[in-house]
Amino acid sequence: MPELPEVETVVRDLRPLLCGRTILSVIKTPEAIRRAGKHPWEAVLKNRHFESISRRGKWIIHQLDNKGHLLIHLGMTGQLLVQPKGHGLTDHLHMILALDQTFEWKFRDIRRFGNIQYFANPTDLALFWTKQNLGPEPFMVDRHYWATRVKGTSRNLKALLLDQTLLVGLGNIYADEALHLAKLHPEMRGQNLTSKQNECLLRAIENVLTESIKNRGSTIRDYVGGSGLKGGQQLNLQVYGRTDNPCFTCGNPIKRTVLAGRSTHFCPKCQLGQPRKSIGSYTKGDRTV
DNA sequence: ACAGGATCCTGGGGGC
DNA sequence: TGCCCCCAGGATCCTG
């Protein structure tokens, strides 16, 4: 499931493989991808050069030499690959661009939750970002913004961390991991966090993402980087996918629940602050605060 | 404002 | 072996 570390890894892999390369032809267009925009792909992409590859949240941004932008969201199972022609898997390919020196740019997506968008000029792109209303990048969060937004809501922490308008980049895996590192219960309400806990949560998010980027992200099932290499962070996960296994910190079994419609993994002993039914209080160990 | 459910989608795994 | 059902979740929409 591509989250920020996986998307960042793809971008870093693609950059040297793609920058300066020319699109010779469009071999396959993304009709099967439900949310892909409709464009005369051959007309807008043929003979264009890739100027730069970057990322905003989980979106991958290809800037072309005509100020056009090709955006890709990997969704659940998306893979973006640049490989010599004839390499790699051939099923579930939704868009293929032939590049110079017989390389191919390929978007592969088994479950088709991905998204492909093209913007002909910076104005259209800016409009798209406005509509998306994305929050800040995790490593560039203003402390005051963070404190205000988290303290100002009664939503639970799991739902908050998945909300891309609050903060971009977290998905189900790293939301669970960050909450475990911060020792905060996923059901705790934003408004019930102390300033110290709030700051600790932001640091935990940064630390979890930093470590995961270092390990090229987590390959649970389908994810691979831009050159086809798998990630390594799945070996370091503390709670995600470890239901009933002992917590590495305290030895108690990891619990699973469903929050914000997503499976949520946590250690009930290490992660305190589960809210009681009465509003405005939460349990901390055996005490009510 | 918020929670929860449905929707899109396919492959893997469990049960029979 | 084959069949059925459930589960996984990023984003979005709808309802209560």
Side-chain angles (χ1 to χ4, degrees), chain A residues 1-8 10 30-37 55-60 71-80 89-95 107-117 128-135 138 148-179 185-193 209 212 217-224 231 233-234 237 239-244 254 256-266 274-280:
Chain A
M1 303 107 207
E3 303 178 31
L4 190 146
E6 290 78 22
V7 176
E8 178 65 27
V10 170
E31 283 84 5
I33 294 293
R34 194 167 53 92
R35 282 180 293 199
R55 174 188 67 70
R56 172 76 177 100
K58 300 176 191 173
W59 286 93
I60 297 168
L71 267 57
I72 302 284
H73 196 296
L74 299 177
M76 280 284 300
T77 55
Q79 301 175 346
L80 199 50
L89 299 167
T90 55
D91 56 346
H92 306 294
L93 288 173
H94 298 294
M95 191 169 181
F107 179 62
R108 182 171 184 263
D109 187 4
I110 296 167
R111 288 184 221 177
R112 291 194 259 156
F113 281 16
N115 197 338
I116 303 180
Q117 299 289 326
F128 173 75
W129 291 134
T130 303
K131 266 191 187 168
Q132 286 280 305
N133 189 28
L134 295 178
T148 309
R149 286 290 301 267
V150 175
K151 289 288 283 180
T153 180
S154 61
R155 300 172 75 192
N156 66 59
L157 295 182
K158 179 62 183 272
L160 273 181
L161 295 194
L162 292 177
D163 184 350
Q164 304 297 299
T165 69
L166 171 73
L167 178 80
V168 295
L170 290 178
N172 210 35
I173 298 173
Y174 300 117
D176 283 3
E177 293 297 310
L179 286 169
H185 196 287
E187 284 183 63
M188 198 176 173
R189 313 277 168 171
Q191 64 193 9
N192 289 339
L193 258 66
L209 293 178
S212 304
S218 304
T219 296
I220 303 295
R221 192 171 288 172
D222 301 299
Y223 162 75
V224 291
Q233 184 63 15
Q234 66 278 4
L237 298 180
V239 285
Y240 180 83
R242 298 197 60 249
T243 309
D244 295 333
I254 300 298
R256 177 190 177 276
T257 185
V258 175
L259 283 172
R262 295 288 168 257
S263 66
T264 299
H265 313 76
F266 64 101
Q274 183 176 16
R276 289 192 155 183
K277 279 183 181 166
S278 60
I279 305 294

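Each chain gets a letter, A, B and so on, in the order the sequences are listed, and its residues count up from 1.
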- Item | Of all pairs that satisfy salt bridge (charged side-chain N to carboxylate O under 4.0 Å, His left out), the ones with a partner from residues 256-266 of chain A, not counting sequence neighbours | none
- Query: So which pairs with a foot in residues 160-169 of chain A pass salt bridge (charged side-chain N to carboxylate O under 4.0 Å, His left out), sequence neighbours left out?
  - Reply: A:Arg155-A:Asp163
Between protein and nucleic acid, restricted to nucleotides 6-8 of chain B and to nitrogen or oxygen atoms under 3.5 Å apart, what atom pairs and distances do you find?
| residue | atom | partner | partner atom | Å |
| --- | --- | --- | --- | --- |
| B:dC8 | O2 | A:Arg34 | NH2 | 3.4 |

Sequence-distant partners of [X], side chain to side chain donor-acceptor pair (under 3.5 Å), two or more places apart:
X: A:Gln164; result: none
X: A:Thr219; result: none
X: A:Thr264; result: A:Lys158
X: A:Arg35; result: none

- Please list, chain by chain and in numerical order, all residues satisfying side chain to side chain contact (heavy atoms under 4.5 Å, CB included) with A:Arg55, sequence neighbours excluded.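 For A:Arg55 the side chain to side chain contact (heavy atoms under 4.5 Å, CB included) partners, ignoring immediate neighbours, are A:Leu4, A:Val7, A:Glu8, A:Val11, A:Glu137.
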- Quick one: list whatever passes side chain to side chain contact (heavy atoms under 4.5 Å, CB included) with A:Leu93, sequence neighbours left out. A:Ile96, A:Lys106, A:Arg108
- Which of residues 155-168 of chain A have a heavy atom under 4.0 Å from DNA chain B?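 Of all residues in residues 155-168 of chain A, the ones placing a heavy atom under 4.0 Å from DNA chain B are A:Arg155, A:Asn156.
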Could you go over nucleotides 14-16 of chain C and give all protein N or O partners under 3.5 Å, atom names and distances?
none

- Query: Taking only residues two or more places apart in sequence, or in another chain, which ones meet A:Lys58 in a salt bridge (charged side-chain N to carboxylate O under 4.0 Å, His left out)?
  - Reply: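 A:Lys58 satisfies salt bridge (charged side-chain N to carboxylate O under 4.0 Å, His left out) with no residue once adjacent residues are dropped.
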